[in-house]
Amino acid sequence: AQSVTQPDIHITVSEGASLELRCNYSYGATPYLFWYVQSPGQGLQLLLKYFSGDTLVQGIKGFEAEFKRSQSSFNLRKPSVHWIDAAEYFCAVGHYGGRQGNLIFGKGTKLSVKP
Amino acid sequence: ETGVTQSPTHLIKTRGQQVTLRCSSQSGHNTVSWYQQALGQGPQFIFQYYREEENGRGNFPPRFSGLQFPNYSSELNVNALELDDSALYLCASSSFGMNTEAFFGQGTRLTVV
């Protein structure tokens, strides 16, 4: 079955520290992979996406993610976290063929940033 | 600015009632998908509309239905509301068949009492 696992429900990091959020997926074909961020009571904003090519993708707000096919992972990283990054982060996998509306999401990782 | 707008932003309904949620897609997009996000969970795919027809459905009962209009806007209808239908409902628009992302609206928070 197709699924996305985000093993960490809640992570707290100090401002200025580095961040890595984990994402593992189970999918029968070449996946399209996404990371979204959601602030409280808000919709989802796309941080970055992987469709093909270079397995290290750069996104907005200084985030990057690396696709590792052998590990079925797509971890999100940021070298230095700012207080404004506190939010919930969702990893998602989509259907090959461009039907980006049909996404399977993980349960999310809530990020807290301490001063 | 995503350009996807949803209305209303919040509403409260009584169990057993019916509700209609609305979504205007981003300019240039022809596909609308709906998601349900329960508190503390990730969004779950309800269905997708393309060319005014349902084009894929998640694991939701038939009392969840939808429409897409010629201008690509969409409605989500839920009949016989249950307490568990309380959630944030998200609409996403995209271009079918294109390697572009789906853009999400801000959502409608539905509370069923």
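Naming convention: chains lettered A, B, ... in sequence-line order (proteins, then strands); numbering from 1 in each chain.
Heavy-atom neighbours of I9(A) CD1 from other residues, nucleotides or ligands within 6.0 Å: at or below the threshold of 12.
Proximity to chain B (any heavy atom under 4.5 Å) is shown, for Q6(A), by neither the backbone nor the side chain. For Q37(B), the part lying near chain A is the side chain, with the backbone staying farther off; criterion is any non-hydrogen pair under 4.5 Å.
In terms of non-hydrogen atom pairs under 4.5 Å with chain B, the most contact-rich of K107(A), Q45(A), E88(A) is K107(A). With chain A as partner, the option from G40(B), C91(B), G107(B), G42(B) having the largest number of non-hydrogen pairs under 4.5 angstrom is G42(B).
Classification of E64(A) and R77(A) as a salt-bridged pair holds, one side-chain N sitting under 4.0 Å from a carboxylate O. One finds no salt bridge joining D85(A) and K61(A) here, because no Lys/Arg side-chain nitrogen approaches an Asp/Glu carboxylate oxygen to under 4.0 Å.
Side-chain polar atoms of K110(A) and Q38(A) form no donor-acceptor pair below 3.5 angstrom.
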